[in-house]
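The chain is numbered in sequence order, starting from 1.
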Amino acid sequence: MANVFISYRQIDTEPAEKLASEVKDAGHQVWFAEWTIDVGDSIVERVNQGLEGLSYLVLCYSSSDTSPWVNREWMSTLARQLSGQGVKVLPVMLTGGQPPAILADIKYADLVKDWSKGVSDLLRAVK
């Protein structure tokens with residue numbers, strides 16, 4: 001099964017964790033900050049480990065805009081995707097927001113409009 005990294009804003013932890021649980025229940029390995037980073041861990045080191053081992057980065061769009069952490073996660077993954085490294089950014093409309101201009105032409109899973117269909121669409125993309 002695929003290694004899936006969930007990239008989200010802290011303010012969206014609750015819906016992001018629900019999504020992470022559903023992806024995990026579908027049989028995938030999931031990197032989710034709340035499950036992975038413990039007190040005393042280096043946040044940068046743990047995030048870097050997650051990004052190194054991923055097959056897919058699920059970029060959660062937020063009604064709270066973006067964050068520097070989320071931006072670094074998806075930008076570094078997109079650069080690797082474009083250079084043919086076998087990773088892929090999968091956008092998800094988690095709580096609202098707009099896609100970054102460079103991702104505007106990429107279809108996203110819409111969890112705001114219909115959570116079940118959005119999760120189903122996302123899981124179909126994860127191979």
Which heavy atom of Ala109 sits nearest a heavy atom of Gly118, and at what distance? CB-O, 3.4 Å
Any side-chain donor paired with an acceptor under 3.5 Å for Glu17 and Trp35? yes
side-chain contact (heavy atoms from CB on, under 4.5 Å) partner of Leu57, the single match among Val4, Val70, Val87, Thr77: Thr77
In chain order, what residues pass the side chain to side chain donor-acceptor pair (under 3.5 Å) check against Arg9, with sequence neighbours excluded? none
Under 4.5 Å between any side-chain heavy atoms of Leu122 and Leu90, yes or no? yes
For Tyr56, give me all partners under ring-ring contact (aromatic ring centres under 6.0 Å, His included), at least two apart in sequence or on another chain. none
Of Val89, Leu19, Val126, which is the lone residue that meets side-chain contact (heavy atoms from CB on, under 4.5 Å) with Val58? Leu19
For Pro91 and Tyr61, which heavy atoms make the closest approach, and how far apart are they? CB-OH, 3.3 Å
Looking at every heavy atom in both Phe5 and Leu54, which two are closest together, and how far apart are they? CB-CD2, 3.9 Å
Determine whether Gln10 and Glu34 make a side-chain contact, defined as any pair of heavy atoms from C-beta on separated by less than 4.5 Å. yes
Side-chain (Thr36) to main-chain (Ala33) donor-acceptor, under 3.5 angstrom: no
Side-chain heavy atoms of Leu123 within contact of His28, under 4.5 Å: yes
I'd like to check Pro99 versus Ile106 (side-chain heavy atoms, cut-off strictly below 4.5 Å). Are they in contact? no
Side-chain (Asp12) to main-chain (Ser62) donor-acceptor, under 3.5 angstrom: no
Please test Val119 against Val92 for side-chain contact (heavy atoms from CB on, under 4.5 Å), starting from the C-alpha separation and ending with a verdict. CA-CA 9 Å; Val119 170; Val92 169; over 6 Å; no
Minimum side-chain heavy-atom gap Arg72-Pro68 below 4.5 Å: no
Listed by chain and number, what are the ring-ring contact (aromatic ring centres under 6.0 Å, His included) partners of Trp115, not counting sequence neighbours? none
State, yes or no, whether a side-chain contact exists between Leu111 and Met93 at a heavy-atom distance under 4.5 Å. no
Pairs involving residues 36-57, ordered by first then second residue, that meet salt bridge (Lys or Arg N to Asp or Glu O under 4.0 Å) (sequence neighbours left out): Asp41-Arg46
State, with a plain yes or no, whether a side-chain heavy atom of Val44 is found less than 4.5 Å away from one of Trp69. yes
Looking at Leu82, I want to see if its CG is surrounded by more than 12 non-hydrogen atoms of other residues, nucleotides or ligands under 6.0 Å. yes
With sequence neighbours excluded, tell me which residues meet side chain to side chain donor-acceptor pair (under 3.5 Å) with Glu14. none
Give me the other members of the hydrophobic cluster that Val39 sits in, counting Ile, Leu, Val, Met, Phe, Trp and Tyr linked by side-chain heavy atoms under 4.5 Å, directly or via other members. none
Answer with yes or no after comparing the ring centroid distance for Tyr8 and Phe32 against a 6.0 Å cut-off, counting only values under it. yes
With rounding to the nearest 0.5 angstrom, report the CG to NZ distance, Asp121 to Lys107. 5.5 Å
As a test of understanding, state which of Asn48, Val47, Ile6, Leu78 forms a side-chain contact (heavy atoms from CB on, under 4.5 Å) with Glu73. Val47
Gln98 side, atom CD; Tyr108 side, atom OH - distance, nearest 0.5 Å: 7.5 Å
Could you walk me through whether Trp74 and Leu51 pass side-chain contact (heavy atoms from CB on, under 4.5 Å), step by step? CA-CA 9 Å; Trp74 76 261; Leu51 291 172; over 6 Å; no
